[in-house]
Trainee: 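Provided herewith is a single structure, encoded as structure tokens, for subsequent inquiry.
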Amino acid sequence: MTDHDYMRKALALALKGKGFTSPNPCVGAVVVRDDQVVGQGWHHGAGMDHAEVEAIEDARGKTRNATIYVTLEPCNHFGKTPPCTRKIVESGICRVVVGCKDPNPFVSGGGIQYLKEQGIEVKSQVLEDQAQTLIEDFIWYTRNDKLPFVILKSAATLDGRIATSTGDSKWITNEASRAHVHRLRHEVDGILIGSGTLHADDPSLTARIPGQKTKDPLRVILDTRLNIHENARVITQESEARTIIVSGPNPPREKKKRLEQKGVQVLEVGLKQGRLDLNELMIRLGKMSVMSLLIEGGGQVASSALKQGIVNKVCYFMAPKFLGGSDGIPVFGGKGPEKISQAFSLKRVRVDRFDEDILVQGYIKG
């Protein structure tokens, strides 16, 4: 097997930690000696052993003159756990293969340099694109003053409608697509919708994957005037995740008090042209260690997110269905640009199939 083959194993291990490690990145590691995998591990959560440590421990003394494959540059500083570079040196490993460097500009390359100084051979940037994509939220958050990495998800018919004129939207996409959305919910720190979606669907906004342990995301509801029903599922259901209602300045005092008594946090942000200032909200959420955010709102929220420039990535599901009329609810609300040259363009586009549905993914920034 090649370095690429073993790195793919490490990436697959890292993926197991996705959703559980924030604000740390998910990392996987594989120890190989004499062309045999003798140890493997991944980072399970903040404060727990890093992937390298777990893989070395799993090798049970078979690390001397071995190679370790790790998706992210080993740390070279003391945090909640000791530096992984020291553990590698002490284990007798003679070669380290790295997927991508640490994105923190203050420490990037430091772990690799230390290992080289200890006489260990280091090869880096192996399957770098895949390694960086796996932790794209961590990279963005680290390099952009702790702003959340924002994913805008939409699901529409081929004629661009997210619901009929009566508001009916169940179900536009198929079961496979919806299962993937639950995977996305599990992987992010927070999920955001607007009050329109809340009142229309009364969603739970939880992550449900049959047979798998999942983590519910923080629920963020845009509700300028605090009109939420106090028996809404996001308030009454059992979940380890919190609910935040984002209001404009000076919301109704008594309503705010009652919501807070139910365990809901009411977060007041400013208004921008009559709508909640989403850039201010991103700064506030970032300070709360929200590293990644999934937007599942309706047309108005989706449009505001794009126009206010907070979206990094778009996940656009298309179902092979037509409403065949002009009265359905469009994916984006409000006024659009006057020229095609002013349209939002996606970069690094990828297309996937979920049975008959199509998912188009691409990046606006980041």
Trainee: Would you say the side-chain atoms of D352 and Q361 include a donor-acceptor pair closer than 3.5 Å?
Mentor: yes
Trainee: Tell me, with the steps shown, if Q300 and R275 meet side chain to side chain donor-acceptor pair (under 3.5 Å).
Mentor: CA-CA 10 Å; Q300 292 298 336; R275 295 195 174 278; 2.9 Å; yes
Trainee: To check you understand the geometry: which heavy-atom pair defines the closest contact between V290 and Y141, and what is its length?
Mentor: O-CE1, 3.7 Å
Trainee: Could you list the donor-acceptor pairs under 3.5 angstrom formed between side-chain atoms of residues 162-169 and any protein atom two or more places apart in sequence or on another chain?
Mentor:
unit_1 : atom_1 : unit_2 : atom_2 : d
T164   : OG1    : T166   : N      : 3.3
T164   : OG1    : T166   : OG1    : 2.9
T164   : OG1    : D168   : N      : 3.3

Trainee: Testing L294, L192, L205, I295 for side-chain contact (heavy atoms from CB on, under 4.5 Å) with V220, which one passes?
Mentor: L192
Trainee: With H229, which residues qualify under ring pair (Phe, Tyr, Trp, His ring centres under 6.0 Å), at least two apart?
Mentor: H199
Trainee: So, the side chain of K287 versus the backbone of K146: is there a donor-acceptor pair under 3.5 Å, distance only?
Mentor: no
Trainee: I'd like to know if R284 and E280 make a salt bridge, using a cut-off of under 4.0 Å between side-chain N and carboxylate O.
Mentor: yes
Trainee: With side chain to side chain donor-acceptor pair (under 3.5 Å) as the test, would you mind laying out the steps for T173 and D357 before giving the verdict?
Mentor: CA-CA 7 Å; T173 53; D357 290 349; 4.6 Å; no
Trainee: Can you list the residues that meet the ring pair (Phe, Tyr, Trp, His ring centres under 6.0 Å) rule with Y114, with sequence neighbours excluded?
Mentor: none
Trainee: Let me know which of D49, T21, L72, L13 forms a side-chain contact (heavy atoms from CB on, under 4.5 Å) with H43.
Mentor: T21
Trainee: For atom CZ of R350, is the number of surrounding heavy atoms from other residues, nucleotides or ligands below 6.0 Å larger than 12?
Mentor: no
Trainee: Test: side-chain hydrogen bond (donor to acceptor under 3.5 Å, both in side chains). Region: residues 335-347. Which pairs qualify, not counting sequence neighbours?
Mentor: none
Trainee: Fit a plane to each ring of F354 and F317, take the angle between them on a 0 to 90° scale, and name the class: parallel (under 30°), tilted (30 to 60°) or perpendicular (over 60°).
Mentor: tilted
Trainee: Apply the test ring pair (Phe, Tyr, Trp, His ring centres under 6.0 Å) to residues F20 and H186: give CA-CA distance (whole Å), side-chain angles for both, the deciding distance (0.1 Å), then the verdict.
Mentor: CA-CA 8 Å; F20 297 112; H186 160 72; 4.8 Å; yes
Trainee: Can E296 and K153 be counted as an ion pair, charged N to O under 4.0 angstrom?
Mentor: yes
Trainee: For Q130 and R8, which I'm curious about, is there any donor-acceptor pair between the side chains at under 3.5 Å?
Mentor: no
Trainee: Indicate every side-chain donor-acceptor pair of residues 57-66 with a distance under 3.5 Å to a residue at least two apart or in another chain.
Mentor:
unit_1 : atom_1 : unit_2 : atom_2 : d
E57    : OE2    : K87    : NZ     : 2.6
D58    : OD2    : Q40    : N      : 3.0
T63    : OG1    : S91    : O      : 2.7

Trainee: Does D223 come within less than 4.0 Å of K255, counting only side-chain N to carboxylate O?
Mentor: no
Trainee: Classify the angle between the aromatic ring planes of Y69 and Y6 as parallel (below 30°), tilted (30 to 60°) or perpendicular (above 60°).
Mentor: tilted
Trainee: Starting from W171 and following side-chain heavy-atom contacts under 4.5 Å between hydrophobic residues (I, L, V, M, F, W, Y), which residues can be reached?
Mentor: none
Trainee: Is it the case that N104 and R143 place a side-chain donor and acceptor less than 3.5 Å from each other?
Mentor: no
